[in-house]
Amino acid sequence: MGWTDINIRLTGDGEGFLTAYDMWREIFVWCLVSSLVIHFVSGLLAWYSLGGHPIAVYALPSFIVAGFLTPLFAGTITSAVIVFVYRTAEFPMSSLDAFLWGVGQTIGYTIIAVSRIYVTL
């Protein structure tokens, strides 16, 4: 696979994905990557703001594990549901659609997690 194939795949060729597995994988990967980025940045922020506190050592690894586990369980199921709807309706899915669905899932999970924390305060 050359660089031109990667560029075409990232920008989308307009034809959409051929199989449900390709759609699911693309949505899941974007959900996983965006979740890991958000959790890594928030873990760095927690590590920096905790400073010399003994729990600061565990902040970043625990955030990264949470950033991996959320898409692994919830992202797998919701990505499959999105693919089911697309396949049932016979809509073509481009790479941009998969990116937006994957990042949208991460934003949704983040909003739900933050709102659950605010309820306990």
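Heavy atoms only: backbone and side chains are in, while hydrogens, waters and symmetry mates are out.
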Could you tabulate the donor-acceptor pairs under 3.5 Å formed by side-chain atoms of residues 55-64, not counting sequence neighbours?
from: S62; atom 1: OG; to: Y58; atom 2: O; distance (Å): 2.8
from: S62; atom 1: OG; to: A59; atom 2: O; distance (Å): 2.9

Hey, can you pull the donor-acceptor pairs under 3.5 Å for the side chains in residues 33-43, sequence neighbours left out?
from: S34; atom 1: OG; to: W30; atom 2: O; distance (Å): 2.8
from: S34; atom 1: OG; to: C31; atom 2: O; distance (Å): 3.2
from: S34; atom 1: OG; to: T106; atom 2: OG1; distance (Å): 2.6
from: S35; atom 1: OG; to: H39; atom 2: ND1; distance (Å): 3.4
from: S35; atom 1: OG; to: G67; atom 2: O; distance (Å): 2.9
from: H39; atom 1: ND1; to: S35; atom 2: O; distance (Å): 2.8
from: S42; atom 1: OG; to: I38; atom 2: O; distance (Å): 3.1
from: S42; atom 1: OG; to: H39; atom 2: O; distance (Å): 3.0

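Rounding to the nearest 0.5 Å gives a distance of 9.0 Å between CH2 of W101 and CG of D97. Within the model, atoms CD1 of I27 and OG1 of T76 stand 11.5 Å from one another, a figure rounded to the nearest 0.5 Å.
The shortest side-chain heavy-atom distance between E26 and M93 does not fall under the 4.5 Å cut-off.
Linking Ile, Leu, Val, Met, Phe, Trp and Tyr whenever their side-chain heavy atoms come within less than 4.5 Å leaves V29 and F73 in two separate clusters. Under a hydrophobic-cluster definition in which Ile, Leu, Val, Met, Phe, Trp and Tyr are linked whenever side-chain heavy atoms come within less than 4.5 Å, directly or via other members, I77 and V85 are assigned to different clusters. The cluster map of Ile, Leu, Val, Met, Phe, Trp and Tyr, joined by side-chain heavy atoms under 4.5 Å apart, puts Y21 and F84 in different clusters.
Atom CH2 of W24 is surrounded by more than 12 heavy atoms from other residues, nucleotides or ligands within 6.0 Å.
Evaluation of the side chain to side chain contact (heavy atoms under 4.5 Å, CB included) rule for L100 yields L96 as partners, not counting sequence neighbours. Shown here are the side chain to side chain contact (heavy atoms under 4.5 Å, CB included) partners of F91, two or more places apart in sequence or in another chain: Y86, A89. Judged as a side chain to side chain donor-acceptor pair (under 3.5 Å), and not counting sequence neighbours, the contacts of T19 are D22. For T78, the side chain to side chain contact (heavy atoms under 4.5 Å, CB included) test picks out Q105, Y109, with sequence neighbours left out.
Among all heavy-atom pairs drawn from I112 and S115, the shortest one is O-OG, 2.9 Å.
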